[in-house]
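This report concerns only the one structure given below.
Atoms within each ligand, like the ligands themselves, are counted from 1 in listed order.
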Amino acid sequence: MQIVPKAPTVKNPPEQFTGDVWLDAIASPQQEGDRMTVVKVRFVPGARTAWHSHARGQTLHVTEGVALLGSRDGTVVEALPGQTIYTPPGEEHWHGATPDDYMEHLAMIESADDPSTTTTWLEHVSDDDYRRP
Ligand code: MN
């Protein structure tokens, strides 16, 4: 076994996020055939992902603040620290902080057969779509 060296915290690209969102890698594929990626993601107040989907689904686990999670049917749900959210493969969604507080979650995904298709990024979330439930 080994302790994995800590990679620097990186800011997520503005093409895929509204507001500042910082990412720390926790687990990455190590061996041929590995698919698991786990990241810690920190959103400043009002920050959120763009619309997107994951080829093999995604599990999120909220660790701080209140997470907002939006679906294409217009629903926005809240998730609290300790709660886990699962998004099925291909389902378009977004996740982010509330307007007034930081939010942190763990994000767990498995790579697609073609890793470049693991996450499909779409348009930014409008202010109308981003609203508290
Ligand atoms: Mn997602």
Revision key, fill the gap. The reported gap from NE2 in His54 to NE2 in His52 (rounded to nearest 0.5 angstrom) is 3.0 Å
Exercise for review: Kindly compute the distance separating NE2 (His93) from OG (Ser71), expressed to the nearest 0.5 Å.
Suggested key: 8.5 Å
Review point. Got a sec, which pairs hit ring pair (Phe, Tyr, Trp, His ring centres under 6.0 Å) with one end in residues 22-41, sequence neighbours left out?
Key: none
Check your understanding: Charged N to carboxylate O below 4.0 Å: is that the case for Arg72 and Asp129?
Key -> no
Review point. With sequence neighbours excluded, what pairs up with Asp24 under the side chain to side chain contact (heavy atoms under 4.5 Å, CB included) test?
Key: Lys6, Thr9, Lys40, Arg42
**Study point:** Pairs where residues 58-67 contributes a residue and the test salt bridge (Lys or Arg N to Asp or Glu O under 4.0 Å) is met, not counting sequence neighbours
**Key:** none
Review point. Taking only protein atoms, how many N, O or S atoms are found under 2.8 Å from the Mn ion (ligand 1)?
Key: 5
